[in-house]
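Beneath this line is the structure, given in structure tokens, with notes to follow.
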Amino acid sequence: MEESSGNMRSSEPTAAMKKVREKTAKKRSKEEEEEEEEQIFNFKDKPAGKEEEDEDLSDSEESVFSGLEDSGSDSEEDEKESDDNDDDDDDDVTAVESKQPKQTEEEEEKEEVVGGVTEREEEEKKEDEYEHDSSDEEDIRNTVGNIPMEWYKDFPHIGYNLDGKKIFKPIRNKDELDDFLDKMENPDYWRTVHDKQTGSDIVLSDEQVELVNRLQKGQFGDVNFNEYQPSVEFFSSDVMIHPVTNRPADKRSFIPSLIEKEKVSKLVHAIKMGWIKPRRVEDDTRGRFYDLWAGEDSSILGRHKMHLPAPKIPLPGHQESYNPPPEYLFTEEELALWEQQDASDRKLPFVPVKFSSLRQVPAFSRFIHERFERCLDLYLCPRQRKMRVNVNPEDLIPKLPKPKDLQPFPTTQSLVYRGHSGLVRSISVSPSGQWLASGSDDGSVRFWEVCSSRCMKTVQVGGAVKSVAWNPNPSVCLLAVALESVVLILSPSLADRQVVQSSERLLSGQPEADTSDAAGPVIWSDTEGEELNQGIRLKIQHPKAVHQVAWHAKGDYLASVMPDHSSHLQVLIHQLSRRRSQNPFRKNKGLVQCVSFHPVRPYFFVATQRSVRIYNLVKQEMTKKLQANSKWISSMAVHPGGDHVICGSYDCRLSWFDLDLSTKPYKMLRHHKKAVRGAAYHRSYPLFASASDDGSVIVCHGTVYNDLMQNPLIVPVKVLRGHVITHDLGVLDVTFHPTQPWVFSSGADATIRLFT
Amino acid sequence: MGGLQKKKYERGSVTNYITRNKARKKLRLSLPDFRRLCILKGIYPHEPKHKKKVNKGSTAPRTFYLIKDIRFLLHEPIVGKFRDYKVFVRKLKKAYGKTEWSAVERLRENKPTYKLDHIIKERYPSFIDALRDIDDALCMCFLFSTFARTGKCHVQTIQLCRRLTVEWMNYVVAARALRKVFISIKGIYYQAEVMGQLITWLVPYQFSHDHPTDVDYRVMATFTELYTTLLGFINFRLYHSLNLLYPPKLDSKAECELKEENEEDYALNSECYLEKLSALSASLARMVSSAEEEEAQLDQFPVEGEDMEKLEAREREQKEQEAQKKLFDGLKFFLNREVPRESLAFIIRCFGGEVSWDKSVCIGSTYEVTEETITHHIVDRPNASTQYINRYYIQPQWVYDCINAKIVLPVEDYFLGVTLPPHLSPFVEEKEGDYMPPEKVKIMALQRGEKPAQEQEDEEEEDEDEDEEEEEDDNDDEEEDEEEDEEESEEKNLKKMEKQRSQGKSLQVKVTPGKMKVENPERLEQEEKAEEKRLAIMMMKKKEKYLYDKIMFGKKRKIREANKLTAKRKAHDDAEKANKKKTRK
């Protein structure tokens, strides 16, 4: 519709054209032949008109290709449309008058269109080669191409025509007010479209509006098009008598294909080589069961011996029931404890719950977990055969001879000797068995009559008594007492005159001897006055504190112990008859705890912290070293036979050594709960006793056989209690009666007890 | 000297063990495959006695396998299958990547599969071995058969598990092999005696599972693979031992009875048969239709002395078992819809009862609620809406308790709305000194045929007994104490006397008539024995002493626990009595 832009310039030529076209319209229906002439005329007319005219024509020619819209518009309708326009004009004359020129223009335009159409039709006939051209391009009289029209915004022209001349924009003097007025007044405003490419306004025809409506609805553009035509199947199931195409068959359809042959041979080769396997036959034996153990032969070897079958899951107890007895339910404390405990420490992995009926029991939330854990156990847990100790505990108790058969031994406490006010550290029984001497921390030595528990004599020695020892020789009556750094020799004169005299003789025997030995570390001195009255006869002054005194069996020699780590002077041996002292060891290893003479042979036992050394006094050499296997030896006793030694230690043990057997203890007795303080052998009965800080004295039967092949029989026969533990100290010393199976014990509670 | 220097860790126990990683490398398997192989072949790690020696001086925690085990795995054909499968997966991935669908299809058709038959045969050379190890298989299959048919594992596996468990239950019904049942909070335990083997399995309650996230289902699936194969073969053998058809067929007579019009509504045709089987209400078809198996009579052998007693005991036991098998003979049960149908149908049928349920609950019901001959109607709600006169309405626990007690218990305690007596575990066998709940005592009395009339008295007696026992326990300690007490009192007297002596110049002489010291010879003897024992214990060796102490500790703990339970029970009963009294007032 670009004609209008061209036509605007001059109404003259258009008017001429109008005539021409009217003419043609009349003629159109009549003669078709003349059209060509008219065309010629048109061409003739061209030079007469202006150049724009020419342009118009060429444009209109090309509009033939602009597609359907144009083809759809018939001349008649166009005319009608123009009629309508006229009508409108009539209706509002006054308003239109101002626009008269434009209106006319439009009419002209319409005319133009009609003219264009007719021309096109003519051309359609003429130029058949464009028949198939379905190009949908716009009217391309304007040659600017498909560019944004803003680029020409500031120019008076839009593009160029074929001759390279500028195509000028139609003069537009409409402002917004005009536009608005137009909108309000022009009844065709709604169907007016502004064409950007040419800058002109186009009023759409009814036909075109309808087309737009149809397209908007999504319908087909052509009114007459039937969308629902019955389809005719080209290929059908019916066999036709004629072939679809009449083309003769190719040659290649008769000869075998080389490519196929190649492919097949490749496949055959692959099958031959085993690269391609034929489709497997569906193996339905899988999941089908049969008698697997039909031939139950033992020929199949079982698993090797290390294989252990998995243990079964323990069976549930009452507490797992959905309705357990009430005692199995948790109390609140138990529940709190269960929740506090780590999952691995819990006795039960679940909390017992009670439900009043079966339908209330919920699903167990950890069911899958438990099964999974079982699975893990089965394949991840190392299995071990654990030997279950199926022992009757009674069988573990050793079969010992009955204590009843091993009588006599002390069983009951029969006498208590009271009188001391401090703890009684040491006791000793006279060889006759009639007297008992005791030394206490209260600084006194007391003599008791054994049978009546009467205190016969009290000697104040002025210091805590560490040790007392009665002279084992029955023909003398002397007592050695160790306190501080002094050893006193007492003559209690508790015997018949003969004995007292003989002891006097022994004491006063060799007065001249001390002069020769004056240079020694020990000073012997006689006592006088009060002390002499009390019975103290001799004072042996030592350089250090004396802890223990021990007599030789003959009663002439006396050993004293002064424990000191760094010194070589720890043990001294005194000869009473000659008032002589000597230091038997040049060097002492360790802290000497106690010493003892061998009852019959010239041996000397020295117990240090860890071991017991046995010296031969005649040969002056060490014969044996006994390892006590304990931390700190407290006491030692030698068997009257001389072949056995017991050692008590502060670490609660009593070790029995068999000297013929080994230097290691033959037996370790761990009977006491606390430190062992004292140990003693009975002189004639096969008994020994140990005293401990736990307040008990344990009497054991210890038979020593003469047959060297037989080991001694050791049986504990009695636990004697009675002493009260004071200041964590219980029984401090223990000793046997020389002839009776009685045992004396002295304790930290300041008493001495006799058990018979 | 010469000679090569001995290298460390090349001889001794180190040569018997191999670490897991090394084993894996030796077998050239990935860890999941190795795990699967171990599961299937039943290989488990071993703990070496001296870990540091085996671990080449390191104390790092490592899993050790026996080298013999691993060598044994080397010859397993299934290892090759694993490798094939790996290759298959690789090829399939490649084909997918190249979008060669024909190749994918071809590969899928040739997917490598394996069978576990030979492994089963190898792991369980004899049938009894297999039967002995079936507990876990049953538990697992019963669990898997309750899974939903979505996700988690293959539908086929679930279906197979369901089929196998149904077959197993049918066998147990047919063989009347069930012995004990126990409703626990985890599920229901069953114990059956099959060919002399006690087999226990646990069935979860019928609820959908809340699948935990920290469980590796691949491991479970591998186990299930093995177990289904095992259970299938065992079922086959068991069915044949009873002359039953395998796969199980319903009795033709029963099948006709079960035929219903609306069968199609209930299930697909393909599933219908399994469902009917799982209903457990009909007997199975036999290969040789024998009317009734004749009871095998035990032959009498001439025996003497102790054997005689044993034999008698065995005979008695057998008779008991026979009686138990016919526990519910002649009884007709009807299950209300809220009770666990499968479990109850299973156990009732196991003991010869007849059972049915509402038609809408499950397929396979044999008679209606209105049937006149029903003797027991099992209901699990406080009251039933319509009650028929000539039947007992009882709670489901009655059935379970009857089976465990091996007698038909009185129904009074189990009526609707009644507080149920506690449900006891039949697996607990109390030894002497163990705690026994009073309910168990009652049941035992019933078993002996005593009347439960003098309940109260019984209980009181029990209490007394228990008290006595406790006293005895304490006796030992008391004796020791007494001795000491006497001595102490003597000493006190003496001290008092001394004090008096020191205070008052003259002794208050007072003669009191002496008491005869009554010496109880028995007591003396006991004391003597106790002392002897104590002295002997002192002479025990260190090792034995330790062991002895441990045993004694365990015993004492047991006694303590039993005492605690009795005390708790007593407190509970007292509270109950008080409550009752209160309500009465």
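As a basis for the values below, the full set of heavy atoms in this structure was taken, side chains included, without hydrogen atoms, waters or symmetry mates. Below, chains carry the letters A, B, ... as their sequence lines are ordered, and counting in each starts from 1.
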[options]: which one forms the most heavy-atom pairs within less than 4.5 Å of chain B?
options                        : value
A/V353, A/L400, A/V361, A/I368 : A/I368
A/E334, A/K354, A/E373         : A/E334
A/L669, A/L378, A/L376         : A/L378
A/C700, A/S365, A/P362         : A/P362
A/Y328, A/F350, A/Y322         : A/Y322
A/E370, A/R670, A/Q384         : A/E370

Could you measure the distance from the [atom1] atom of [X] to the [atom2] atom of [Y]? Nearest 0.5 Å is fine.
X      : Y      : atom1 : atom2 : answer
B/I185 : A/N323 : CD1   : CG    : 12.0 Å
A/L396 : B/K541 : CG    : NZ    : 11.0 Å
B/M538 : A/H671 : CE    : NE2   : 4.5 Å
B/I183 : A/E320 : CD1   : CD    : 12.5 Å

Side chain to side chain, [X] and [Y], heavy atoms closer than 4.5 Å:
X      : Y      : answer
B/Q191 : A/L315 : yes
B/P204 : A/F364 : no
B/L164 : A/F289 : yes
B/L535 : A/V719 : yes
A/R371 : B/F223 : no
B/P438 : A/E327 : yes

Sort out for me which of [options] touches chain A most, counting heavy-atom pairs under 4.5 Å.
options                        : answer
B/M539, B/H572, B/E47          : B/M539
B/Y189, B/Y205, B/Y124         : B/Y189
B/D136, B/T229, B/T63, B/D133  : B/D136
B/E528, B/K542, B/Q397, B/K545 : B/Q397
B/L116, B/D216, B/T419, B/T228 : B/D216
B/D210, B/N110, B/L143         : B/L143

Is it the backbone or the side chain of [X] that comes under 4.5 Å from a heavy atom of chain A, or both, or neither?
X      : answer
B/L565 : both
B/K111 : backbone
B/K564 : side chain
B/F144 : neither
B/P340 : side chain
B/F64  : neither
B/V219 : side chain
B/Y227 : side chain

Handout entry: Check: A/D291 side chain, B/R237 main-chain N or O, donor-acceptor pair, under 3.5 Å
Key = no
Handout entry: B/H423 backbone acceptor or donor facing A/S321 side chain under 3.5 Å
Key = yes
Is [X] in contact with chain B via its backbone, its side chain, both, or neither, using a 4.5 Å heavy-atom distance?
X      : answer
A/P309 : neither
A/I313 : side chain
A/K718 : both
A/V717 : backbone
A/R374 : side chain
A/C381 : backbone
A/Q360 : neither
A/I397 : both

Identify the heavy atoms of [X] and [Y] that sit nearest to each other, and give their distance.
X      : Y      : answer
B/D214 : A/F372 : O-CE2, 4.1 Å
B/D135 : A/K312 : OD2-CD, 3.5 Å
B/I39  : A/Y379 : CG1-CG, 3.7 Å
A/P325 : B/R569 : CB-NH1, 3.8 Å
B/M220 : A/C375 : SD-SG, 4.3 Å
B/K121 : A/L292 : NZ-O, 3.5 Å

Practice task
State plainly whether the residues B/K533 and A/E394 are in salt-bridge range, i.e. N to O under 4.0 Å.
Solution key: yes
Problem - Centroid-centroid under 6.0 Å between B/F233 and A/Y290 rings - result: yes
